[in-house]
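Take a look at the structure set out below.
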Number of protein chains: 2
Amino acid sequence: MAKKARSVQRREESLSRESIIEASIELLDSSGEGGLTFRTLSERLATGPGALYWHIANKSDLLTAACDAIVARTMEAIPPCAKPKANLRALALGMFDAIDEHPWVGSALAQAPGEMPMVRILERLGQQVRALGAEDDTQWAAVGALLNYILGVGGRNAANGQLARERGLDRSDFLEAVAAAWSQLDPREYPFTRSVAGQVRDHDDRMEFLAGIDLILRGIERGIESPRRR
Amino acid sequence: MAKKARSVQRREESLSRESIIEASIELLDSSGEGGLTFRTLSERLATGPGALYWHIANKSDLLTAACDAIVARTMEAIPPCAKPKANLRALALGMFDAIDEHPWVGSALAQAPGEMPMVRILERLGQQVRALGAEDDTQWAAVGALLNYILGVGGRNAANGQLARERGLDRSDFLEAVAAAWSQLDPREYPFTRSVAGQVRDHDDRMEFLAGIDLILRGIERGIESPRRR
DNA sequence: ACCTGAACACCGTTCAAGT
DNA sequence: ACCTGAACACCGTTCAAGT
């Protein structure tokens, strides 16, 4: 019962932007978007909330920086490949998996348009679409379609994860609840939604995501084959 | 200087879910996402914050309901047309315009996966994709691609509008700032992003959005023409 | 230069008390 | 049944004061 340990553990290393971001990622991963708070964060770093402001501008800056760290790692981890199409698929899947592992990245990405994390993705997509042979005036539409699709899926996955967490369910239980609600819609007004309710229940998110990417890639290829009518 | 007017105006009609949602939409339109507060809302409705809870479950419920009101109106306003492809384009453009007019709808939509507002869009998209002649097993991918693309663009437009508002800029000034930041990136690391910086400045968002939709539609058509290899 | 932590100006939500 | 408004338990952010 020696009392030599201090009641509040003091930090050994001095605070830094990197250590703050790292702690934020841990917090976001373990407790979701609502888990990142200047108070919990400063507690975990054994300091006061005000100290954080010496290293980061504000909460939005912090969230974007945490998101960027994940995106940068994800981009680095994607094995390079000679074929642009395979590259694009790997890129998209890499982002899908990253958001699956860190759902908060999906919404952080959406909240920081034009910022670094989005630029990293944009750049990689753009280079590969170029390599695919798209003409200058169609590149932008192709990259935009891929980027927005990825962001759309990411945002939705983030929201699914967030809602499931709030209600104390896991992802599949949550999707089960959605499917149940859909199958009780009025069949005259919502025939399509009702008919796909079953698919929501037991589909493979990842494969479905990839099917969408392939569909967009088909559209891009077709645009390249028959370039423009005049 | 008569004092017969009460200092706080009292409401004439009793509170209702509809009137609360209507007032929320006005507040969101005029002051952005941060403008919707139980205090400002109850002030505007000449009541106390607690009263609102008799009619709505919580803030997320309120936001989704406000979003659903806009989406429902948007769906109703789209003129029906015999050609599924034209219908899909009109549907997508309708949502684009709705989010352009009410940027908060973009993020509210993303936050309510599987809820009514999203189901309305899903259903309309699904019916038209079916009419296009897609087989059962490819319908879901096609609808998913369109829906996620629309959600992705919507989310990004919402974020653009929100950030511009926070910084007191209008949309084009904000995009100008993004373009300026992009054109100062390292040309060796970010050649693509730099090369499209100019396009960000003076592109037409709406037309670009439509180009993406057309690209996806091409991919869907191609999938229909050469269904599946075996 | 960097950190501390109390204080400020907010939030969403609850709930006893009223009508 | 519906409304009131004070109170609760939080937020992000600031800033005088410390080292």
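Fair warning: this is a prediction, and the values are worked out from it, not measured in the lab.
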* Structure fact -> The complete set of ring pair (Phe, Tyr, Trp, His ring centres under 6.0 Å) pairs with one or both residues in residues 167-197 of chain A, sequence neighbours excluded, reads none
* To do: Go through the structure and list residues passing side chain to side chain contact (heavy atoms under 4.5 Å, CB included) with A:S42, not counting sequence neighbours.
  => A:T47, A:P49, A:L52
* Asked: Reckon B:L36 touches a base, only the sugar-phosphate, or nothing at all at heavy-atom distances under 4.0 Å?
  -> sugar-phosphate
* **Whole angstrom value for the distance that separates P of C:dC2 from CD1 of A:I20** => 12 Å
* Can you tell me if B:S16 uses its side chain to pair, donor with acceptor, with the backbone of B:S19 under 3.5 Å? -> yes
* Starting from P on D:dC2, measure out to NE2 on B:H55 and report it in whole angstrom. => 7 Å
* Please state how far atom CZ in B:R17 lies from atom P in D:dA1, giving the value in whole angstrom units. => 19 Å
* Asked: Can you tell me how far P of C:dG12 sits from CD1 of B:I56, to the nearest Å?
  -> 10 Å
* Could you pull out all residues at least two apart from A:D61 that satisfy side-chain hydrogen bond (donor to acceptor under 3.5 Å, both in side chains)? => A:R17
* Taking only residues two or more places apart in sequence or in another chain, which ones pass side-chain hydrogen bond (donor to acceptor under 3.5 Å, both in side chains) with B:E18? -> none
* Asked: In dot-bracket notation, what is the pairing pattern of DNA chain D, taking Watson-Crick (N1-N3 plus N6-O4 or O6-N4) and G-U wobble (N1-O2 and O6-N3) contacts under 3.5 Å, with [ ] crossing and | for other strands?
  -> ||.|||||...|||||.||
* Where along residues 22-35 of chain A does a heavy atom fall under 4.0 Å from DNA chain C? -> none
* **Where at least one partner belongs to residues 147-161 of chain B, residue pairs that pass side chain to side chain donor-acceptor pair (under 3.5 Å), sequence neighbours excluded** => A:N148-B:R156, A:R156-B:N148
* **d(CG, A:L52; C1', C:dG5) in whole Å** => 12 Å
Would you tabulate the nitrogen or oxygen pairs shorter than 3.5 Å linking the protein to nucleotides 13-15 of chain D?
unit_1 : atom_1 : unit_2 : atom_2 : d
D:dT13 : OP2    : A:Y53  : OH     : 2.7
D:dT13 : OP2    : A:K59  : N      : 3.0
D:dT13 : O5'    : A:Y53  : OH     : 3.0

* Structure fact -> Residues passing the side-chain hydrogen bond (donor to acceptor under 3.5 Å, both in side chains) test with A:D29, sequence neighbours excluded, are A:H102, A:W104
* To do: Identify the two heavy atoms, one from B:A23 and one from B:L45, that lie closest to each other, and give their separation to 0.1 Å.
  => CB-CD2, 3.9 Å
* **Whole angstrom value for the distance that separates C1' of D:dG12 from CD of B:E166** => 13 Å
* Could I get the full list of ring pair (Phe, Tyr, Trp, His ring centres under 6.0 Å) partners for B:F96, not counting sequence neighbours? => B:F209
* Integer-rounded Å distance: D:dG12 P and A:D61 CG -> 14 Å
* **Phosphate OP1/OP2 of C:dC2: any A:W54 side-chain N/O under 4.0 Å** => yes
* Go through the structure and list residues passing side-chain hydrogen bond (donor to acceptor under 3.5 Å, both in side chains) with A:R44, not counting sequence neighbours. => A:E26
* Asked: Which residues satisfy the ring pair (Phe, Tyr, Trp, His ring centres under 6.0 Å) test with B:F38, sequence neighbours excluded?
  -> B:Y53
